[in-house]
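Note on naming: letters A, B, ... go to the chains in the order of the sequence lines (proteins, then strands), and numbering restarts at 1 for each one. Keep in mind that the numbers below use all heavy atoms, side chains included, and drop hydrogens, waters and symmetry copies.
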Amino acid sequence: MSDSDDDMPLAQRTHKPAAEGSDDEDDRPLAHRQFTHKPSANGNTAAAAPIGTTTSTAVSVSRPATADATDLNGWDSSSSDDIPLAQRKKALVAQKSQATQPKGQKAKPVAKDIANREGKRKRQDEAPKGRQAPSKKTKALDDAPPRKKRVANPASQGAKEEDKEIKWEKLRHAGVLFPPEYVRLPSNVKMLYDGQPVDLTEEQEEVAQMFAIMKETDYMRKQLFLDNFWNDFKKVLGKDHVIKGLKKCDFTPMYDHAMAEREKKKALSKEEKLAIKQKKEADEAKFKYAQVDGRTEQVGNFRVEPPGLFRGRGEHPRMGKVKSRIYPRDITINIGMEEPIPEHPYPGQQWKEVRHDKTVTWLAFWKEPIVRRTSSMCGWLPNSTFKSDSGLGQNHVDDIRKMYEKDWDSKDTQRQQMGCALYFIDQLALRAGHEKDEDEADTVGCCTLKVENVECMPGDHIKFDFLGKDSIRYENEVVVHPKVYALIKKFCQHSANNKPKKPEDQLFETMDATDLNKTLKDLMDGLSVKVFRTYNASITLDRLLWEPSDSEVIDAKKADYDRANKEVAILCNHQRAVPKGHAGQMEKLSERMHKLNEELLELQHELKASEKGKAYGDKKRRDPERVHAAIDAKKAVIAKAEINARVKDDLKTVALGTSKINYLDPRITVAWCKRNEVPMEKIFNKTLVTKFFWAMDVDPDFKF
DNA sequence: AATTTAGACTCAGAAAGTTGGGA
DNA sequence: CTCCCAACTTTCTGAGTCTAAAT
């Protein structure tokens, strides 16, 4: 294994200031990588420049951030010099909204206090609740997305709901597929308590079995998991059960049995497996599609989740709890008024409710038993246009940037914080970060950053280190605008009302994600924090794909694409664990390379011999030309293998899929494919080609 | 009227399952 | 040709965002 930075999950790479002189792209801070063109393209990189400032060769539509680095303040209005006049007409938004800003009105009565949270995330200040909404959508933003069709909805209860969007007129589907019932273990398979076999009821056995199969996972070493499980298991066991605690429980017989069953299944003959598969498909067939207004739409998910132990991601407070079985009585069905109500395999039970709500797209839903806040839904697959084509364009972005730059100079702490938060969201594509309860994993986003999550380093460096969505670590050191640096430093030290802050206090204590979204929405209909993530992902890809490349063969071009895709994934912090067996696979590849190189050498010897009119080794003599051809072919194979190996290693900690599916406007990719004569299928798999069918006839010169 | 809660999506990575291309 | 393994897909189960409704 190499010891390069690449072997670490990307979030853990330490970013040396470029001043230390590494030219290796991977050694540069993420933020630099994101916004910087290949070193080869422009020599040095803007090591000491603020976020987003690079020495790139400016593509005219690129964000101002990519403009010239001469001005350390990549943001001030001069940067808009790079924007064609035509795009600048709307520069007034920020000023306008600020003109109407009623400064420092009455103090906001304290906090959305989430009182009993051990003093954590509380808004502990009395900062004025800043920014008033600029009364209406500003004219600047009138090319926002077209109004959605809104129709009165007579189907729903009462007049209140009259103004919602109608999603369908006719809707027919077969409901949901329930998981198989629990099958009891053979009577000779029993768990042991204190060495003695224990008889369990069916219900108890099912729960025990859930635990048994986790024997070899490292959940067994997590006390919280064990405690949570025991609490629930205890309830199922009832009072005065022989089993008094987990310590003396031995689930080995159950585990072994489960493993044996698994092996048995694997060992089935081809025919048997096929038969099982066909049976399964036949059972599922009717659930797979829904009829929506005469169209056949694929149902995204029609399976009811089987019971099991809740795992959660990261250190989830509820890990190990029993997730009980879902029955029809728990499920609400949504279906067209005249359609037959779906059947279910539980005679005597009724669906919890059957609705005919035309304003939603789900077919069925139920409440999650563990994380009651959420519910699971079965709906049809969204396949329409790119969701994030929000109407946010370069000129809006410029306006918004000017607005938040102004906020840095505000006297009002809340506005300062708002300005900094927006800067991070725009530059680093952070998520909004809503407040969470204590029975959820302790993860944060931009608005919920704590003081301990940021560290101010010399030279306007800020180091972020926090757990984001799915408890994925975000670690990134970036150079920020000096004004932001000064503000963040201040926010780390004391709150708006001058109280000193503790590490676990909120960095932006005067505002939250809702405030931020409100501000954005007032600026432009349809604008929210997450739009920036999508927008920045797409614009980044677009910029990278327009960079000149000298790749000629398809594989090299695909590698170019993957590199661009990787940049986006890094921007969005889409990480994955290094696939198991990666090291082994790399070793194999290098062995193969070695072999290929030897073969090449052989061929070169053969060529020499051939040119002298001799045979080489025990082979028949071939024409020099034929040997030449063989050499070229071999070289091509080697080059291809080299590219593949490098790409593979390059991407081992980066998950490309998420951005490809959810963030990148497919038109960018399709256009690139056309320009570079790369077949679509090299980039999009079959599913994606289907999903993005609407983007396929885009103009090759399409610019995001 | 400010918060809280409900509701409806939208995004997430790992694991399981399937396929297909090369030795 | 066929078998094996890596690559690709789908499934699984969670976890965010954001708006609207309820308190």
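Taking side-chain N and O atoms only, A:Asn685 has no distance below 4.0 Å to OP1 or OP2 of C:dC8. Between B:dC11 and A:Arg431, no contact under 4.0 Å exists linking OP1 or OP2 to a side-chain N or O. Between A:Thr443 and C:dA15 there is no side-chain N or O to OP1 or OP2 distance below 4.0 Å. Using a 4.0 Å cut-off, some side-chain N or O of A:Ser528 falls inside it from OP1 or OP2 of C:dC18. Neither OP1 nor OP2 of C:dC18 sits under 4.0 Å from any side-chain N or O of A:Thr514. The side chain of A:Asn662 places no N or O atom within less than 4.0 Å of a non-bridging phosphate oxygen (OP1 or OP2) of B:dT10. When the side-chain nitrogen and oxygen atoms of A:Gln585 are compared with OP1 and OP2 of C:dA7, one or more of them lie within a distance under 4.0 Å. Between A:Lys588 and the phosphate of C:dA6, there is a side-chain N or O to OP1/OP2 separation shorter than 4.0 Å.
Each of C:dG14, C:dA7, B:dC9 was ranked by its minimum atom distance to the side chain of A:Lys323; first place goes to C:dG14. Relative to the side chain of A:Arg303, the nucleotides B:dG13, C:dT11, C:dG14 differ in distance, and C:dT11 lies closest. Taking only side-chain atoms of A:Thr687, from C-beta outward, the nucleotide of C:dG16, C:dT9, B:dC11 with the closest atom is C:dT9. For A:His316, the listed nucleotide lying nearest its side chain is C:dA15; candidates were C:dT13, C:dC18, C:dA15. Closest contact between the side chain of A:His574 and the listed nucleotides B:dG13, C:dT17, B:dA8 involves B:dG13. Closest to the side chain of A:Glu305, from the set C:dT9, C:dG14, C:dT17, is C:dG14. Nearest to the side-chain atoms of A:Lys648 among the listed nucleotides B:dA14, C:dA6, C:dG16 stands C:dA6.
Not a single donor-acceptor contact under 3.5 angstrom links the side-chain atoms of A:Lys521 to the base of C:dC18. Side-chain to base pairing of A:Arg313 with C:dT13: one donor and one acceptor N or O lie within less than 3.5 Å of each other.
Atoms NZ (A:Lys518) and C1' (C:dT17) sit 18 Å apart, rounded to a whole Å. For the pair A:Leu274 CG and B:dT19 P, the interatomic distance rounds to 11 Å; values are reported in whole Å. Going from atom CD of A:Glu368 over to atom C1' of B:dA8 covers 15 Å, rounded to whole Å. Rounded to whole Å, the distance from CH2 on A:Trp366 to P on B:dA6 is 19 Å. Computed from coordinates, the A:Asp442 CG to C:dG14 P distance equals 19 Å when rounded to whole Å. At whole-Å resolution of the value, CG in A:Leu651 and P in C:dC8 are 11 Å apart. B:dA2 atom P lies 11 Å from atom CG of A:Asp515, rounded to whole Å. A straight line from CZ of A:Phe287 to C1' of C:dT10 spans 19 Å, rounded to a whole angstrom.
Taking all atoms of both residues into account, the shortest heavy-atom contact from A:Asn597 to A:Ile638 is OD1-CD1, 3.5 Å. Shown here for A:Arg431 and A:Val529, the closest heavy-atom pair between the two residues is C-CG1, 4.2 Å.
Residue-level contact check: A:Pro306 touches the backbone only, with heavy atoms under 4.0 Å from sugar-phosphate atoms and none from bases. Among the heavy atoms of the strands lying under 4.0 Å from A:Gly312 are primed sugar atoms or P, OP1, OP2 only; no base atom is included. Contact annotation for A:Arg262: no contact, since no heavy-atom pair falls under 4.0 Å across all strands. Among the protein residues, A:Lys273 comes within range of no part of the nucleic acid, since none of its heavy atoms lies under 4.0 Å from any strand. No contact: A:Ser376 has no heavy atom under 4.0 Å from any strand. A:Ala513 comes within 4.0 angstrom of nothing in the nucleic acid, heavy atoms only. Counting non-hydrogen atoms under 4.0 angstrom, A:Lys277 reaches the backbone sugars and phosphates but no base. A:Lys469 comes within 4.0 angstrom of a base, heavy atoms only.
Ring geometry for A:Phe211 against A:Phe229 counts as parallel: the plane angle stays under 30°, on a 0 to 90° scale with 60° as the upper cut.
Checked against the 6.0 Å centroid threshold, A:His173 and A:Phe302 do not count as a close aromatic pair.
A donor-acceptor pair shorter than 3.5 Å can be found between the side chains of A:Gln575 and A:Asn573. With no hydrogens or angles considered, a side-chain donor-acceptor pair links A:His582 and A:Asp649 at under 3.5 Å.
Both A:Thr658 and A:Lys280 sit near DNA chain B, but only A:Thr658 has its closest nucleotide nearer the 5' end. Along DNA chain B, the nucleotide nearest A:Phe365 and the nucleotide nearest A:Arg592 are compared for position; the residue whose nucleotide lies closer to the 5' end is A:Phe365. Position along DNA chain C of the nearest nucleotide to A:Gly300 versus A:Gly445 favours A:Gly300 as the more 5'-ward residue. Along DNA chain C, the nucleotide nearest A:Glu284 and the nucleotide nearest A:Ala432 are compared for position; the residue whose nucleotide lies closer to the 5' end is A:Glu284.
Among the candidates A:Leu363, A:Leu171, A:Thr361, the single residue satisfying the side chain to side chain contact (heavy atoms under 4.5 Å, CB included) test with A:Val292 is A:Leu171.
Atom-to-atom distance recorded for A:Leu589:CG and A:Lys648:NZ is 5.5 Å, nearest 0.5 angstrom.
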